[in-house]
Undergrad: 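Before I ask anything, here is the structure I am working with.
Throughout, residue positions are numbered sequentially from 1 according to the sequence presented.
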Amino acid sequence: MAEFTMELNDEQKEVRDWLHGFAADVIRPAAAEWDEREETPWPVIQEAAKVGIYSLDFYAQQYFDPTGLGIPMAMEELFWGDAGIALSIVGTGLAAVGVLANGTEEQIGTWIPQMYGDADDVKVAAFCSSEPDAGSDVASMRTRAVYDEAKDEWVLNGTKTWATNGGIANVHVVVAVVDAELGSKGHASFIVPPGTPGLAQGQKFKKHGIRASHTAEVILDNVRVPGSCLLGGKEKLDERLARARERAKAGGERVKNAAMATFEASRPAVGAMAVGTARAAYEVALDYAKTREQFGRPIIDNQGVAFQLADMRTSIDAARLLVWRASWMAINGKPFTAAEGSMSKLFASETAKKVTAQAIQILGGNGYTREYPVERMHRDAAIYTIFEGTSEIQRLVIARTLAGVPIR
Ligand SMILES: Cc1cc2nc3c(=O)[nH]c(=O)nc-3n(C[C@H](O)[C@H](O)[C@H](O)COP(=O)(O)OP(=O)(O)OC[C@H]3O[C@@H](n4cnc5c(N)ncnc54)[C@H](O)[C@@H]3O)c2cc1C
């Protein structure tokens, strides 16, 4: 087990500086344009693919970093550049992790390369879990997957919503109900290969922020996928369902708590995205406060402004520490006895919303216009308290964990 450290090693510093350079030179200058266009920034993804940032290799290298700091460091730098573009770059990684975590070696080898494509022909992937009536309440999911034994095929029917890259993805990973009696333990994940009939994009959402990231409904109408597209395979699924049924009979508590560890491990990554956006807005505000003069002196000379900056910086550093702690715990298999993953996401996302609002205030009228980036950063920051579990759900998880009450 790696010791917890707050110091990046030389290799990590090198990667961080490289990512920062890409974020500063390629992502940030493109941010306003793609925010206005509200389209996937394919040329920027392609640039990221050319230099090796948009690839499974890069993502896996950071993911398996034993210090746990690889992913949060990478997320912070990319999202410092711009949240919408960065989500377009890392969105595929979220679907790929679903396959890495649950897929067989053959599935990983077959599908992950098709998720990314290559630098000459980049592709993206989508992870589709949320539904119109199953957002926070994942267990009420309705999309069904029924096994057609004669053809060794699964038939998927339902409507997914809010899918990042939904409908434009080469590969979709779809979560569906295979046993409705078991709540979220009766769910399984399926690969929907490129060009499969029956999968269609529904409405594309026009959003408040992260507008360079494509978000859409995905309609599944009698989508037939081969048996080999069930992540992990049928034998493993049957064993898992049998165990879940046994546990459900025995009271259900272990079934419910088992679901938590996965989310606790993935939530700090979203916290790190929020830290990146918050830091970006803070830096703009600090710079502005030092150079903007009113009443014959820089506005930072007013305690009312300087104290805001002090609070912003303090919250950002505290958020990063919570994120790094939770990421270190996740990679080292430490039990989340106080829902530390949820804590990090809750604090970092609330910090991003607050800090970006403070940045607008410090820039005054300029902060309220699209001439300066903090207006966009504030719109972007609002997503962090919503996706990957809302702030209310994080509080619910933390509270229930502390109280020793099962988490639904
Ligand atoms: C831009 C964007 C991208 C997304 N990308 C993806 C994706 O790629 N894949 C995917 O599967 N999903 C994705 N999502 C979905 C996201 O995870 C959900 O929006 C989120 O889980 C909340 O669900 P909901 O929107 O249905 O809100 P609801 O669950 O309807 O919640 C509405 C409000 O009620 C509150 N609430 C609900 N239950 C409780 C409770 N028990 N106690 C207290 N308060 C409660 C919530 O906190 C919230 O404030 C994305 C969403 C957005 C906006």
Undergrad: Is there a side-chain contact between Lys345 and Val323 (heavy atoms, below 4.5 Å)?
TA: no

Undergrad: May I ask you to check whether Asn170 and Tyr116 show a side-chain donor-acceptor distance below 3.5 Å?
TA: no

Undergrad: Taking everything shown except Glu371 itself, do over 12 heavy atoms lie less than 6.0 Å from its CD?
TA: no

Undergrad: Check for a donor-acceptor pair, side chain of Thr164 on one end and backbone N or O of Gly91 on the other, with a separation under 3.5 Å.
TA: no

Undergrad: Verify the neighbour count for atom CD of Glu293: are there more than 12 heavy atoms of other residues, nucleotides or ligands below 6.0 Å?
TA: yes

Undergrad: Can we say Glu131 and Lys160 salt-bridge, meaning some charged N sits less than 4.0 Å from an Asp/Glu carboxylate O?
TA: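 Yes.
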
Undergrad: Are Arg28 and Trp80 in a cation-pi setup, meaning NZ or CZ lies under 6.0 angstrom from the ring centre and within 45 degrees of the ring axis?
TA: yes

Undergrad: May I ask you to check whether over 12 heavy atoms, not counting those of Gln361, lie within 6.0 Å of atom CD?
TA: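 It does not: Gln361 CD has 12 such atoms or fewer within range.
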
Undergrad: Is the backbone of Gly389 close enough, under 3.5 Å, to the side chain of Gln394 for a donor and an acceptor to pair up by distance?
TA: yes

Undergrad: Within 45 degrees of the ring normal and closer than 6.0 Å to the centroid, is that where the cationic atom of Arg37 sits relative to Trp34?
TA: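 Yes; both conditions hold, so Arg37 lies above the ring face of Trp34.
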
Undergrad: Please determine which of Ser342, Ser327, Ser344 meets the side-chain hydrogen bond (donor to acceptor under 3.5 Å, both in side chains) test together with Arg267.
TA: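 In the set Ser342, Ser327, Ser344, the residue that makes a side-chain hydrogen bond (donor to acceptor under 3.5 Å, both in side chains) with Arg267 is Ser342.
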
Undergrad: Does a sphere of radius 6.0 Å around OH in Tyr63 hold more than 12 heavy atoms from other residues, nucleotides or ligands, not counting ones at 6.0 Å or beyond?
TA: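 12 or below, so no.
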
Undergrad: Counting distance only, does the side-chain N/O of Thr196 pair as donor-acceptor with the main-chain N or O of Val192 below 3.5 Å?
TA: no

Undergrad: Under a 3.5 Å distance rule, please check whether Arg211 uses its side chain to pair with a backbone N or O of Asp35 as donor and acceptor.
TA: yes

Undergrad: Crowded around Asp121 CG? As in, over 12 foreign heavy atoms under 6.0 Å?
TA: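 More than 12 within 6.0 Å, yes.
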
Undergrad: Report, as yes or no, whether the 6.0 Å neighbourhood of atom NZ on Lys334 holds more than 12 heavy atoms from other residues, nucleotides or ligands.
TA: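 It does not: Lys334 NZ has 12 such atoms or fewer within range.
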
Undergrad: For the backbone of Trp328 and the side chain of Asn332, can you confirm whether one donor and one acceptor N or O come within less than 3.5 Å of each other?
TA: yes

Undergrad: Is a donor on one side and an acceptor on the other found under 3.5 Å between the side chain of Glu350 and the backbone of Thr385?
TA: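 No.
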
Undergrad: Does Lys353 make a cation-pi contact with Tyr384, if we ask for NZ or CZ under 6.0 Å from the ring centre and within 45° of the axis?
TA: no

Undergrad: May I ask you to decide if Val155's main-chain N or O and Asp148's side chain share a donor-acceptor pair within less than 3.5 Å?
TA: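 Here the side-chain-to-backbone pair does not exist.
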
Undergrad: Rounded to the nearest 0.5 Å, how far apart are CD of Gln12 and OG1 of Thr67?
TA: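 With rounding to 0.5 Å, CD (Gln12) is 4.0 Å from OG1 (Thr67).
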
Undergrad: Does Gln201 offer a backbone N or O that forms a donor-acceptor pair with the side chain of Glu217 under 3.5 Å?
TA: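 It does not hold such a pair.
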
Undergrad: Rounded to the nearest 0.5 Å, how far does CZ of Arg292 lie from CD of Gln294?
TA: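 CZ of Arg292 is found 4.0 Å from CD of Gln294.
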
Undergrad: Has the side chain of Asp287 got a donor or acceptor atom that lies under 3.5 Å from a matching backbone atom of Glu283?
TA: no

Undergrad: Answer with yes or no after comparing the ring centroid distance for Phe58 and Trp18 against a 6.0 Å cut-off, counting only values under it.
TA: yes

Undergrad: Return the orientation label for the Tyr372 and Tyr288 ring planes: parallel under 30°, perpendicular over 60°, tilted otherwise.
TA: perpendicular

